[in-house]
Structure formats: C-alpha cells, structure tokens
Amino acid sequence: ADNGSMSVDNIEITNVNFDEIDTTRKITGIEQVEDKNVWIGTSAYSLQLPEYLKLEVDGEMTDETARVAWQYQTYKSQTAGDQVIEGILKPEYDLKNPEGLIPQVKVTVIDNAELKALAAEAESKVEKAYTEESYQALRTALDEANALLAGEPVSNENVTEKANALRQAIDNLVLSENMETLKALLDESRQLLDTAKDVLYEDAESAYEGEYAKADYDVLQETRIQTEATYNELLSNTDLTDEEFAEKLNGAVTNLTEDMEALRKSQITVDRTVLEQLIEAAKAVDPDQYTEESYAELEKAVQTAEEVLG
C-alpha cells in the first residue's frame with residue numbers, strides 16, 4: 001500500500017483457545033526450617049519461627065516466598081520431648097499448592113528442672129565448711145552447669161551429663177576438719193542422750209549406780225538442738241563472714257563438749273570393792289547392840305547397797 005501499511009494477505013491466522021493453556025505456576029517444595037531445641041517453659045512467641053519461607057516453583061528453588069501461619073496452639077511449652085509444629089502456607093494468588101505441601105518444624109523441649117535444682121543446691125554450699133579441693137571441684141561443675149543454663153540448649157544428653165557431674169561433685173564434698181569434729185560431737189551427744197534417757201535421777205541421794213542427773217540431761221538435750229541448728233547454718237548460710245563462721249563453729253564445739261562432760265560427771269558411780277566391804281561389815285553388826293529402829297535402818301541400807309551391786 002502507498003501509505004506504508006503492511007499487507008497481511010499472505011499470513012494465515014489460526015484461532016487459539018487460551019483457556020486450554022495451563023499458565024498456573026505450581027509449588028513443588030518448601031524451604032526446610034531448622035530443628036529447634038528449647039528449654040522447657042519457652043513460650044510459643046519465643047520460638048521465633050520464620051514468617052515467610054522460600055518456595056520451589058515448578059521444580060526450581062526460587063527467591064519467592066510464601067507467608068506461613070504456624071499452628072502455635074499445638075505447641076506444649078511444659079511438655080518435654082519432641083514436638084512437630086505445622087503451618088498453613090499462604091502463597092501469592094498466582095501460585096498453587098496442588099500437592100498440599102505443609103511447612104513443618106521439629107521442636108525439642110528440654111527439661112532443665114533437675115539441673116536448675118542441683119545448681120541452686122550447689123550455690124547454697126558454704127565454701128568454709130568444706131575442704132578446698134572438694135569445694136573447687138564443685139565450683140567447676142557448677143560453673144559449667146550455669147553456662148549451659150544461660151545459653152541455648154544443645155541436647156538432652158548434654159543436660160544429663162552436666163547434671164550428673166554436678167550431683168557427683170555435691171556428693172563428693174568433704175567436710176573441713178573443724179566441721180567434721182562438730183559433726184562427730186553431734187553424733188556422740190545423740191548416743192549419750194539415748195543411753196541416759198531411761199536412767200535419770202532428780203535427787204542424787206536416791207539415785208542408783210549408772211543413773212544420770214535429769215537436770216544435766218535436759219541441758220545437753222537443749223544444747224544439742226541448738227548445736228544442730230548451728231551446724232546446719234554453717235553448711236548453708238553463705239552470708240557468714242569468716243569471723244562469724246569461726247565464732248559460731250568454735251562456740252558450738254565448746255558448749256556441746258562442756259555439756260556432754262557435765263552429764264557424764266553426773267552419772268552415779270560406785271567403788272564396788274569399798275561397797276562390798278561396807279556391806280560385809282554391816283552384816284557382822286550385833287543387832288543386840290543397837291535399838292530395833294536403828295538396826296532396821298541398817299538392814300534397809302544393806303538391801304539398797306546389794307541392789308546397787310546387782
């Protein structure tokens with residue numbers, strides 16, 4: 001044509017049904033979310049799961065993403081063990097998910113309650129109450145446990161390992177020499193009180209051999225109770241200064257030692273040889289030389305002496 005238009009006389013135009021052409025892009029894969037290890041009690045919000053995940057489209061990994069609505073209601077923060085949280089994929093309108101692919105993440109909830117309890121127990125131990133070597137071993141195990149608790153959990157096995165090491169360090173603590181002395185005195189005082197409890201006298205004049213003064217018994221009983229409280233304080237009160245610790249320890253040892261000695265001294269003891277000689281001499285007395293009343297008193301005294309001798 002003279003006006004510059006193109007002739008289309010030789011071009012064959014074929015009718016095309018565009019409805020039969022599948023232009024839909026298909027999601028064929030979803031970015032894998034890394035497994036998570038969390039401490040028991042960790043909230044769902046603190047899991048910080050990704051809001052978007054990359055997609056594989058038509059067999060090729062792309063930078064395209066889809067929003068994920070994670071089903072946090074299935075997560076149980078107070079239940080130790082493995083859990084799987086699923087999400088609902090919400091791709092753009094031009095992407096389809098014909099295979100119904102579901103994003104998932106494995107969450108391992110690790111129980112640290114035992115390790116925390118052991119750490120608290122270890123923290124309560126008073127350094128001055130134990131030998132330097134055993135206490136330093138405890139501090140090493142405690143520092144490692146605290147470092148683990150302060151960071152991200154690695155595995156249940158790791159927590160168990162640190163808990164076992166800390167428990168062993170606690171069990172292996174050795175009392176210092178002075179504390180061992182106090183503990184031995186407490187054990188000795190219990191045995192002495194147990195021995196004396198059924199053979200007590202209130203009046204020495206009517207007491208039998210082997211009996212202990214009730215007044216001294218009661219004093220020792222009270223001292224033992226106070227000393228045991230002091231002993232427990234020395235093992236657990238980390239606020240005591242060195243001077244306060246030494247003062248309480250020495251005072252407890254002194255008081256308990258003195259009151260044990262007082263109870264022992266109160267026990268009625270008899271020189272059996274002398275008593276036997278006195279009984280023999282009394283029996284040799286001529287009753288005719290004494291009044292009936294006085295001789296009856298002598299006989300009574302002889303009987304009592306023989307009972308003492310058994």
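Everything numeric in this text was worked out from a predicted model, so none of it was measured.
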Hey, could you give me the OG/CD distance between S266 and E211, rounded to the nearest 0.5 Å? 10.0 Å
I need the minimum non-hydrogen distance between L101 and G29, along with the two atoms involved. CD1-N, 3.5 Å
To the nearest 0.5 Å, how far apart are CG in L55 and CE in M61? 6.5 Å
Taking all atoms of both residues into account, what is the closest heavy-atom pair of D111 and A80, and its distance? CB-CB, 4.0 Å
Output yes when R224 and E188 qualify as a salt bridge under the 4.0 Å nitrogen-oxygen rule, no when they do not. no
Which atom pair, heavy atoms only, marks the closest approach of L166 to A119? CD2-N, 3.6 Å
Spacing of L185 atom CG and T257 atom OG1 [to the nearest 0.5 Å]: 4.5 Å
Which pair of non-hydrogen atoms, one from T230 and one from K248, has the smallest distance, and what is that distance? CG2-O, 3.9 Å
Can you find a heavy atom in the side chain of V109 that is under 4.5 Å from one in the side chain of Q83? yes
Between R25 and E64 (salt bridge meaning N to carboxylate O under 4.0 Å), is one present in this structure? yes
When rounded to the nearest 0.5 Å, the distance separating CG of N255 from CD of E222 is 11.5 Å
Using 4.0 Å as the upper bound for N to carboxylate O, is an ion pair formed by E243 and K128? no
Can you check whether V57 reaches T28 side chain to side chain, under 4.5 Å on heavy atoms? no
Evaluate the side-chain proximity of K125 to L173: yes if any heavy-atom separation is below 4.5 Å, no if none is. yes
Carboxylate-amine/guanidinium proximity below 4.0 Å for K214 and E202: no
To check you understand the geometry: which heavy-atom pair defines the closest contact between W70 and P50, and what is its length? NE1-O, 2.7 Å
Ion pair R190/E228, N-O distance below 4.0 Å: yes
Might you work through the side-chain contact (heavy atoms from CB on, under 4.5 Å) test for T108 and K36, ending with a clear yes or no? CA-CA 6 Å; T108 300; K36 283 185 170 290; over 6 Å; no
OH of Y93 to OG1 of T24, rounded to nearest 0.5 Å, is 11.5 Å
Smallest separation among heavy atoms of G210 and V199, with atom names: O-CG2, 4.0 Å
